[in-house]
Number of protein chains: 2
Amino acid sequence: MTKIDDVARLAGVSTATVSRALRGLPTVSAATRRRVLAAAEQLQYAVSPSASRLAGGRTGTVAVVVPRITRWFFGTVVESVEEFLHQSGYDLLLYNLGGREQTRQRVLRTASLHKRVDAVILVATPLRPADVAALTKLEIPGVTISSGSGVPGWPCVRIDDVAAARTATRHLLDLGHTRIAHISGDPDDELAFTTHLDRRRGYQEALRAAGLRADPSLDVESRFTIDGGNRATAELLARGEPPTAIFAACDEMAMGAMTALRDAGLRVPQDVSVIGIDDHDLAGVLGLSTIAQPAAEQGLLAARILLDPLGARSADPYAGQVPRPRTDGDQPAAPVILPTRLVVRESTAPPRAH
Amino acid sequence: MTKIDDVARLAGVSTATVSRALRGLPTVSAATRRRVLAAAEQLQYAVSPSASRLAGGRTGTVAVVVPRITRWFFGTVVESVEEFLHQSGYDLLLYNLGGREQTRQRVLRTASLHKRVDAVILVATPLRPADVAALTKLEIPGVTISSGSGVPGWPCVRIDDVAAARTATRHLLDLGHTRIAHISGDPDDELAFTTHLDRRRGYQEALRAAGLRADPSLDVESRFTIDGGNRATAELLARGEPPTAIFAACDEMAMGAMTALRDAGLRVPQDVSVIGIDDHDLAGVLGLSTIAQPAAEQGLLAARILLDPLGARSADPYAGQVPRPRTDGDQPAAPVILPTRLVVRESTAPPRAH
DNA sequence: CTGAAAGCGCTTACAG
DNA sequence: CTGAAAGCGCTTACAG
């Protein structure tokens, strides 16, 4: 493998100059830079990341932690984060927690992130005090996406979950429903973060604002998955008289609910209306009404907040000159809240008796 | 930050011994190892990956390249690969091509993978000769998942796409259909790999075996996405008399087809039957008949084939002793083919006239 | 604008 | 089983 010495020799300069020229540092004369680039090109030189990291102290890598990459929201976030990161010259180290507590601890608490990445993006990751302490000790910048416990000094990008849930519930109320069930995340579920608490609160607030009382028998906890929605709905139906509408805390749960309703011989929306939150890729196919949230935008914004402070990457193909992640101290205190929007499709309609 | 010298001093040994003890090498006495581990624990020592990589020449990292992480198959594959890799002590560098030719070239052809990873897993990534040359020059082991052009010396894990398509088509034939349309990948589509060619072949073979001729007007090309399926079906319907059944090359296309049919006022399966390939998470919710393929298993198997040769990771929390990727030379020549299975749901039925 | 030299923090023959 | 020492391939003050 060619190394920097070979390039230096061919270009007739020192390795220091090669290093500077290739990284696009301004302190190199145009003529020298040209010679260095030509030499590097000719030798097909590629810098050794390990050596560069050890000497320079920067890894050019960002860790992205998600609960489950296969869920719509997380996949969509990762996709947009990945694009921005790679455009900016950063690599993406993926950590998929998969609901395994052990994995969460290994990633978050041990030093597995230590010296391995320059920054961290945590997507809807539940954080215990010990996790926060460990992350803080890492002394690297980070961003969290989605609500819940954050890390002091780290910006947060999310939607207003309470408001989204309120809007969804109000849509059902406006249609004339009064027996509105809610299916949402299990507090013991690692995937759920605290999002489900906010969404339940929005549901209850909307009911209260309409002069209704939240009926505990219409509130079922389950996982934030298709299967979770399916089970929760089956449980709901087993409890007796079905509700005339179901507000699911996410679209995947709503889809599970649709399946359970169909299996029970109930039609959507004639017998039961269903609404979710997300605007999942397949919401349109299923005719699912929902509260759309901008997933890709949240990912993009988080990545940008993390990297922007130091400007964009040089266009030079050899540039190691990448934006440095923002450091503690210049963080916005308030979370960045992105807007949501009601999307009415075929799964919601007035109750039959209406 | 504590470094290896600090641990060596506290344990009263050389840095070489610390290095060996922490990595679980056998050439360390039990007593010494104990002392080293205690010292490391006490100082909360964590090895510097950059230094370790530079000195040792191994990165402990595997690159995983996918067309689009948001598509069901790729997300599912990545999830299982991620779990196995992290269990084995490897990090996962994610590359999401996103259908951008420029990105594909940057990742595959430039030296961006060079010295950055120990191995590569390519999922359904279209490969031009120049890409194959660049990958070969990397001189690192790799595995490809999904059919199509491979890399010489790299094992391949996939399903039999021709057979899967044949089974899907035959299911429709068995129900009595004779006007069977096919919607599949566009050859210019970077996402499509060569999978769509195999699936079209299976479709044509099944028709021929039934004494039917493939009608070009019933064969529409489009992207392997929901929207692709939607457009292809709209195009199909615009061509005149609708088919009585549609075989979509993947479930996402099938879902798009269902939407297009509904929008055209056609019922599934009464007016048109629909079948796909995948057994997508939501196939059940939509009642979609399909050919199930084991996505997670393909990922797991690929990761295992890549890493297994050197055995499993030590249980030691400090172990850097991770399985070394298999090297060229001991590759199985034939691809590993995983089984598929017909799953009949509600989207397929005999044609009405039947 | 450029170079000589130290140093980043490990691992690996080599010797014992 | 253990240690001294070289070396991995860069970047970064420092000096000019």
Side-chain angles (χ1 to χ4, degrees), chain A residues 1-37 39-40 43-61 111 114-116 118 314 318-322 324, chain B residues 1-37 39-40 43-61 89 111 114-116 118 318-322 324:
Chain A
M1 260 4 286
T2 25
K3 16 196 202 174
I4 200 170
D5 308 74
D6 303 319
V7 180
R9 208 171 308 117
L10 180 59
V13 297
S14 71
T15 60
T17 298
V18 173
S19 175
R20 291 181 191 116
L22 259 29
R23 280 179 300 146
L25 295 193
T27 62
V28 180
S29 76
T32 304
R33 185 186 310 275
R34 227 177 295 119
R35 245 180 320 134
V36 170
L37 288 177
L43 298 175
Q44 298 226 54
Y45 171 71
V47 70
S48 155
S50 318
S52 172
R53 289 169 190 191
L54 179 57
R58 300 205 350 244
T59 65
T61 305
H114 173 68
K115 295 265 182 196
R116 207 171 290 271
D118 295 336
S314 150
Y318 289 102
Q321 180 79 318
V322 292
R324 190 187 302 266
Chain B
M1 258 8 285
T2 28
K3 16 195 201 175
I4 200 169
D5 308 72
D6 303 319
V7 179
R9 208 172 307 116
L10 181 58
V13 296
S14 70
T15 59
T17 298
V18 173
S19 175
R20 291 181 191 115
L22 260 30
R23 279 178 301 145
L25 296 192
T27 62
V28 180
S29 76
T32 304
R33 185 187 309 277
R34 227 176 294 118
R35 247 182 318 136
V36 170
L37 288 177
L43 298 174
Q44 298 228 53
Y45 171 72
V47 69
S48 155
S50 318
S52 170
R53 288 169 192 192
L54 179 58
R58 302 207 346 247
T59 65
T61 305
H114 174 67
K115 295 264 181 197
R116 203 170 293 269
D118 295 335
Y318 290 101
Q321 180 79 317
V322 292
R324 189 187 300 267

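In what follows, chains are A, B, ... by sequence order, proteins preceding strands, each numbered from 1. The figures that follow rest on heavy atoms only: side chains count, while hydrogens, waters and symmetry mates do not. As the structure is a computational prediction, the values presented were derived from the model and not from experiment.
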Rounded distance in Å - [atom1] ([X]) to [atom2] ([N]):
| X | N | atom1 | atom2 | result |
| --- | --- | --- | --- | --- |
| A:Arg34 | C:dC1 | CZ | C1' | 15 Å |
| A:Arg53 | D:dT12 | CZ | P | 14 Å |
| B:Arg33 | D:dC1 | CZ | P | 9 Å |
| A:Arg116 | C:dC10 | CZ | C1' | 14 Å |
| B:Arg23 | C:dC10 | CZ | P | 11 Å |
| B:Leu43 | C:dC10 | CG | P | 12 Å |

Side chain of B:Thr17 only, heavy atoms from C-beta on: which candidate in D:dT2, D:dT11, C:dG3 is closest?
D:dT2
Could you tell me which non-hydrogen atom of [X] sits nearest to which non-hydrogen atom of [Y], and how far apart they are?
| X | Y | answer |
| --- | --- | --- |
| A:Thr32 | A:Val13 | CG2-CG1, 3.9 Å |
| B:Gly24 | B:Arg33 | CA-NH1, 3.3 Å |
| A:Gly12 | A:Arg35 | O-NH1, 4.2 Å |

Heavy atoms under 4.0 Å, any strand shown: does B:Thr27 hit a base, just sugar-phosphate, or nothing?
base
Do you know which of B:Leu10, B:Thr15, B:Val18 makes side chain to side chain contact (heavy atoms under 4.5 Å, CB included) with B:Asp5?
B:Thr15
Straight-line distance of [X] [atom1] to [Y] [atom2], nearest 0.5 Å:
| X | Y | atom1 | atom2 | result |
| --- | --- | --- | --- | --- |
| A:Ser52 | A:Arg23 | OG | CZ | 7.0 Å |
| A:Arg53 | B:Arg53 | CZ | CZ | 6.0 Å |
| B:Gln44 | B:Thr2 | CD | OG1 | 7.5 Å |
| B:Ile4 | B:Ser19 | CD1 | OG | 5.0 Å |

Whether the side chain of B:Arg20 engages the backbone of B:Val28 through a donor-acceptor N/O pair (distance < 3.5 Å, no angle test) should be reported.
no
Judged by atom type as modelled, is there a donor-acceptor pair below 3.5 Å linking the side chain of B:Asp118 to the main-chain atoms of B:Gly60?
yes
Table of protein N/O atoms under 3.5 Å from nucleotides 5-9 of chain C N/O atoms:
| residue | atom | partner | partner atom | Å |
| --- | --- | --- | --- | --- |
| C:dC8 | O2 | A:Ala55 | N | 3.4 |
| C:dG9 | OP2 | B:Lys3 | NZ | 2.8 |
| C:dG9 | N2 | B:Ala51 | O | 3.4 |

Look at A:Ser19 and D:dT11 and indicate whether a side-chain polar atom (N or O) is within less than 4.0 Å of OP1 or OP2.
yes
Under 4.0 Å: is that the gap between some side-chain N or O of B:Thr32 and OP1 or OP2 of D:dC1?
no
Extract from the structure each pairing of a protein N or O with an N or O of nucleotides 14-16 of chain D at less than 3.5 Å, listing the distance.
none

Do NZ/NE/NH1/NH2 and the carboxylate oxygens of A:Asp6 and A:Lys3 come within less than 4.0 Å?
no
What would the secondary structure line of DNA chain C be in dot-bracket form, counting Watson-Crick and G-U wobble pairs under 3.5 Å, with [ ] for pairs that cross earlier ones and | for pairs with another strand?
|||.||||||||.|||
